[in-house]
Trainee: 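Pasting a structure here, questions to come.
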Amino acid sequence: MWSETHRCKPGQPSIVAITDALDGQTLKLSCNTISTSLPADHGLPMSIFWHDEQKNPLGIPAGEKYVVNAEGQLEIHKLESSDMGRQVTCTSSDRAEGVATPPVSDPSPPYEILTESAPGLAKISGLTLEHEYFRDFSLTDTLKFAFVIISLSEPSVVEIKSRKMTGQISYEDLTTDVSITKSTNYEGKIYLTKFTFTLLRAMYENDKNRTFTLTISNRKFSRDFMFILRDVGPPSPVTNISALDIRHDTVVLIWTPGSQGGVKQFFDVEYRCPDHTQCNSTWTTAVRRVPESDTIDTRTKATVENLSPETEYDFRIVSTNTHGSTTSEPFHVKTIKMTATLPEPETETNNGVIIGITAVFLAIVFIAALLYGVATSTIFNLSKENQTIKSTSFETAEEDGASSESDSTDSGSSSNV
């Protein structure tokens, strides 16, 4: 048995990668540590603990992404570009017999995950490759934007193709048609590269709605990224309208915004009754100027109130920007039947409490009155009896006095004789 007095926390561990960090594969990390409280040949396993950047435990319990195996190694499954730059640390402690509370080592230096994967888009505000870019084709304006790519080995744009809606594919020359510049180690990170795209050639009418495909490659992988060049104009109609919640007097609608046309858009919700006997059959605005979310690929919703129960309605969404408006196809909804409203349990409880308190109060008053009556009667009787006793005593005293006088008179008479 190793004595408690010999306890000392293990030396600071270090993390070593056992496997390569490849896209879609499993990265296995080992936490190497040395005990300072046990003999060199103790042969006992060490307890290993893994944590993320926020010091949250990893791999215990095991999940789909992080697993701590029987050897105490951390397995990170299905690596992807979003894992790039994440950091993990480990600590260790002894498992010696007789050591009730084994000390824990200092954390290891952070291990940064550098995944060799296909190039990916970094989520940096203002530096994301958009799905659409808008230009006014009536002006001599060029197309220029920047974006950041995640890749461990240095990425490069190797090819740019463009295609009209008709399907004809063209190749953009990387020296005369398009200029691509790049800056590695963006924000001091070796896995971030900033690209700047500049369209050098003039834009024509046939470039409207043209799709560009950028092929970006690194040492092992290639990936295509696409965007569409559009002319500014009215927004596209919304799609995927559905009812999120239907009640007797309200309906919550949700939809996917269409292309905004290069300018911020907003939405109006209109309704009508197909059956004009139930309500107005002309389109009426129910909700005005619903803003579009700034987040990509999110849906927008609005609540329509003051509707009638069991009534059929048509709804449509009007999308508007400074260039004009577009209208969606009608969406049909029928409100539900209004159910009877039951009294709230709290009200019933309160009424019961009030009735109960009132009954108790009346009972107390009744008992008090009863006791008061009994007490009054008793006092009256006692007073009456006291008066009777006093009267009797007085009469007895008078009789005694009369008797004494009689005796005195008799004595006097005898003496005189």
Side-chain angles (χ1 to χ4, degrees), residues 123-126 128-138 145 165 208-209 226-344 346-347:
K123 296 180 180 180
I124 301 175
S125 178
T128 299
L129 185 63
E130 305 290 347
H131 299 302
E132 300 172 319
Y133 289 93
F134 294 88
R135 286 295 179 273
D136 188 344
F137 282 80
S138 63
F145 56 87
M165 295 184 67
K208 293 180 180 179
N209 300 317
M226 294 185 296
F227 68 89
I228 301 175
L229 182 59
R230 298 191 186 277
D231 191 12
V232 294
S236 302
V238 307
T239 57
N240 302 323
I241 305 175
S242 61
L244 195 62
D245 185 27
I246 302 175
R247 302 194 179 188
H248 71 276
D249 60 349
T250 60
V251 171
V252 179
L253 297 175
I254 188 169
W255 62 86
T256 302
S259 172
Q260 63 178 358
V263 184
K264 200 74 173 178
Q265 63 179 332
F266 61 88
F267 309 97
D268 292 334
V269 181
E270 299 181 344
Y271 74 96
R272 70 177 181 183
C273 287
D275 183 358
H276 66 277
T277 61
Q278 293 185 303
C279 69
N280 198 339
S281 60
T282 59
W283 289 105
T284 303
T285 303
V287 185
R288 298 181 183 274
R289 300 186 71 87
V290 179
E292 181 183 13
S293 173
D294 291 329
T295 307
I296 299 174
D297 295 332
T298 59
R299 303 180 72 184
T300 304
K301 71 176 182 179
T303 301
V304 183
E305 301 176 330
N306 302 319
L307 302 176
S308 300
E310 297 184 279
T311 304
E312 295 185 354
Y313 291 95
D314 283 335
F315 294 96
R316 69 181 185 182
I317 312 300
V318 180
S319 308
T320 304
N321 66 11
T322 55
H323 295 283
S325 299
T326 56
T327 303
S328 70
E329 292 294 323
F331 178 74
H332 188 75
V333 176
K334 182 177 181 180
T335 53
I336 63 174
K337 182 179 180 180
M338 182 172 60
T339 57
T341 304
L342 298 176
E344 297 183 359
E346 292 76 10
T347 304

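Computed from a predicted structure; not experimentally measured.
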Trainee: Considering only heavy atoms from C-beta outward, does the side chain of Val304 approach that of Val287 to under 4.5 Å?
Mentor: yes
Trainee: So does Arg288 pair up with Asp268, basic N to acidic O under 4.0 Å?
Mentor: no
Trainee: Just by modelled atom types, is the Trp283 backbone N or O under 3.5 Å from a matching donor or acceptor in the Asn280 side chain?
Mentor: no
Trainee: List the steps and the verdict of side chain to side chain contact (heavy atoms under 4.5 Å, CB included) for Arg135 and Val232.
Mentor: CA-CA 6 Å; Arg135 286 295 179 273; Val232 294; over 6 Å; no
Trainee: Nearest 0.5 angstrom please: Met226 CE to Leu129 CG, how far?
Mentor: 10.5 Å
Trainee: Kindly indicate whether the side chain of Phe266, heavy atoms from C-beta on, has any atom under 4.5 Å from the side chain of Thr320.
Mentor: yes
Trainee: Do the non-hydrogen side-chain atoms of Thr284 and Glu270 ever get within less than 4.5 Å of each other?
Mentor: no
Trainee: Please examine the side chains of Arg299 and Ser242, heavy atoms only from C-beta on, and report whether any two atoms are closer than 4.5 Å.
Mentor: yes
Trainee: Got a second to check how far Thr256's OG1 is from Ile317's CD1, nearest 0.5 Å?
Mentor: 11.0 Å
Trainee: For the backbone of Thr311 and the side chain of Thr335, can you confirm whether one donor and one acceptor N or O come within less than 3.5 Å of each other?
Mentor: yes
Trainee: Would you say the rings of Phe331 and Phe315 are close, in the sense that their centroids are separated by under 6.0 Å?
Mentor: no
Trainee: Do Tyr133 and Ile228 come close enough that some side-chain heavy atom pair is under 4.5 Å?
Mentor: no
Trainee: Kindly compute the distance separating CD1 (Ile336) from CD (Glu310), expressed to the nearest 0.5 Å.
Mentor: 9.0 Å
Trainee: If only atom types and distance count, is the side chain of Gln265 paired as donor or acceptor with the main-chain N or O of Gly258 below 3.5 Å?
Mentor: yes
Trainee: I'd like to check Phe134 versus Asp231 (side-chain heavy atoms, cut-off strictly below 4.5 Å). Are they in contact?
Mentor: no
Trainee: Does the side chain of Val251 reach to within under 4.5 Å of the side chain of Asp245, using non-hydrogen atoms?
Mentor: no
Trainee: Hey, are the side chains of Tyr313 and Cys279 touching, using non-hydrogen atoms and a 4.5 Å cut-off?
Mentor: yes
Trainee: Who are the ring pair (Phe, Tyr, Trp, His ring centres under 6.0 Å) partners of Phe137, not counting sequence neighbours?
Mentor: none
Trainee: Counting distance only, does the side-chain N/O of Ser281 pair as donor-acceptor with the main-chain N or O of Cys273 below 3.5 Å?
Mentor: no
Trainee: Would you call Arg316 and Asp314 a salt bridge, taking side-chain N to carboxylate O under 4.0 Å as the test?
Mentor: no
Trainee: Enter the distance from Ser308:OG to His248:NE2 here, rounded to the nearest 0.5 Å.
Mentor: 9.5 Å
Trainee: Using the rule side chain to side chain contact (heavy atoms under 4.5 Å, CB included), only one of Leu253, Thr303, Thr285 pairs with Val269; which is it?
Mentor: Leu253
Trainee: Whether the Ser259 and Glu132 side chains hold a donor-acceptor pair (N or O, under 3.5 Å, no angle test) is what I'd like checked.
Mentor: yes
